[in-house]
There are 2 protein chains.
Amino acid sequence: MASLKIPAQVPSPSDDSEQLRKAFQGWGTNEGLIISILAHRNAAQRKLIRETYAQTHGEDLLKDLDKELSSDFEKVVLLWTLDPAERDAFLANQATRTSGNLIIAEIASTRSSLDLLKAKQAYHARFKKSLEEDVAQHTSGDIRRLLVPLVGILRYEGDEVNMTLGKSEAKVLHEKIAEKAYNDEDLIRIVTTRSKAQLNATLNHYNNDFGNDIDKDLETGSDDQYLKILRAAIKGLTYPEKYFEELLRLALNKMGTDENALTRVVTTRAEVDLQRIAEEYQKRNSVPLDRAIDNDTSGDYQKILVALLGRDE
Amino acid sequence: MASLKIPAQVPSPSDDSEQLRKAFQGWGTNEGLIISILAHRNAAQRKLIRETYAQTHGEDLLKDLDKELSSDFEKVVLLWTLDPAERDAFLANQATRTSGNLIIAEIASTRSSLDLLKAKQAYHARFKKSLEEDVAQHTSGDIRRLLVPLVGILRYEGDEVNMTLGKSEAKVLHEKIAEKAYNDEDLIRIVTTRSKAQLNATLNHYNNDFGNDIDKDLETGSDDQYLKILRAAIKGLTYPEKYFEELLRLALNKMGTDENALTRVVTTRAEVDLQRIAEEYQKRNSVPLDRAIDNDTSGDYQKILVALLGRDE
């Protein structure tokens, strides 16, 4: 469930656009006003505000936000204001240029087929090339063999499950993992091509027939990046809330918060499942997610994060 | 250019639907009437006829055609009547079940990104799984490594070309081919991920800098299936008319015509570029394509093929 809260009476896009313009004027910027508007509008509403703003003022709202804001607060406002497909395209492109392979795996595994497709189309439109060619160009070896199909393939999204196939492919996965053949091509094929429902059935068979969760069997303690990506992909495909809970836990537990991860999870999930992720977080950490964020962040950055989490101030 | 000819005055879908119903009634089937209607309607018009037929008679036109017709004529009518995306999904599925890897490569390389995407979505709808998972499951080794990204990746379709990249990737391709490393992962990456415009620029550099067409350098005389698929993909991506010309040449030159290939090329290209393919054919074989088809086929099968080629009888 989404965490985003939208008021019962939403002002018109031109009212919102004028208020934002006002927030930029005079000495200093009115960050509170920006949060009170943008952090309470859904993607369709934000899009209309951007369009109205561009028509009225002949300027891109994102460019003006970029000029007015700074540091972590700027990053979260810009990411949030983007359309989800444009945002994913932007994050993925940044990741290809900074070896952010785990972020590529996250986007590819936790989005629906349609959302991933839209992100790839937004990537074409913005970068004049495909996400796949950039991922393939900036990776090699096993990581490329895993990541390119993970990003490329249009997974079937129906609920139909073939239990016989699930049982036989669970056996394949178990054999390969027992042999430490983590880069086996059938293992990669199963993870990258099967529907989420089918993969889930397979991993249930794995658990039932071999006594361990696959994630546990892949936990080798090694720092191998390929294995990290493989685990992230499997978790993202089958238990996205747990995947994001873990990401937040690590981002907030660190000496020095990982603001990039925190910003990314909150902006990309607030309209999707951030409420569920917050429930998982509280269950696993015995502290509510918004309180953990309060402890680790401050100022306008903190305010917009908890607003996107749906907390009323 | 498409070869399909549509009359200036197209009857209404309900008139067409009634005429088809009449063609099925009484003793024997009126094949000529079926050809005169279906072989002169585009995909949107055929779709409306199918819908009207189903509404009026409570039956699927395709099922009735299946009951009334037989052998090669039946196959061509059914394939042609299908919506292009459904037809590609059907052909691709058949190919996965019959090791038709060259047909998979043909569909993946000669369709536009959008048409390939629609075919994959039609595949989901009809077969309740993805084309990619079927291709991956039914292949292995080098063929899988080439075919899965070839099918999976949503290529960028713009005209933008990076000439520096083209030059450097041409060098990579030439080195790998000189070493006979045809399964090299960078070679596969370049062929499967780059836009058609970019790949074309790269292959022009290849030709200019190393003196040979890449297709020539890949012509090893060996019967290796991987190499055949690689050559088909490269040709299909960069010179689809030449790819289809060659396919028709081989289909018609054989002792015993290859009706499957002939039917596939005519039905899948009649609304796309069959006129250009026919020009290539005549240039290369010094005989018009329709005359070559006349020589090798007969009866209603011949009649519908030349009708789809746009020849007036």
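Chain naming here is simple, since letters A, B, ... match the order of the sequence lines and numbering starts at 1 in each.
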Contact residues of residues 143-153 of chain A (partner chain B; heavy-atom separation under 4.5 angstrom): Arg144(A), Arg145(A), Val148(A), Gly152(A), Ile153(A)
In terms of side-chain geometry, is the basic nitrogen of [X] or [Y] positioned less than 4.0 Å from the acidic oxygen of its partner?
X: Asp186(A); Y: Lys176(A); answer: no
X: Glu246(A); Y: Lys235(A); answer: yes
X: Asp209(B); Y: Lys171(B); answer: no
X: Arg194(A); Y: Glu169(A); answer: yes
X: Glu86(A); Y: Arg50(A); answer: yes
X: Arg276(B); Y: Asp273(B); answer: no
X: Asp83(A); Y: Arg46(A); answer: no

Is [X] in contact with chain B via its backbone, its side chain, both, or neither, using a 4.5 Å heavy-atom distance?
X: Arg155(A); answer: backbone
X: Glu132(A); answer: both
X: Leu165(A); answer: side chain

Part of [X] within contact of chain A (heavy atom distance under 4.5 Å):
X: Gln137(B); result: both
X: Glu160(B); result: side chain
X: Ser140(B); result: both

Side-chain contact, heavy-atom cut-off 4.5 Å: Tyr206(A) with Ile177(A)?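 Yes - at least one pair of side-chain heavy atoms lies under 4.5 Å apart.
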Evaluate the ring planes of His124(B) and Tyr156(A), with Trp represented by its six-membered ring, and classify them as parallel (under 30°), tilted (30 to 60°) or perpendicular (over 60°). perpendicular
In terms of heavy-atom pairs under 4.5 Å with chain B, the winner among Ser130(A), Ser195(A), Gly158(A) is Ser130(A)
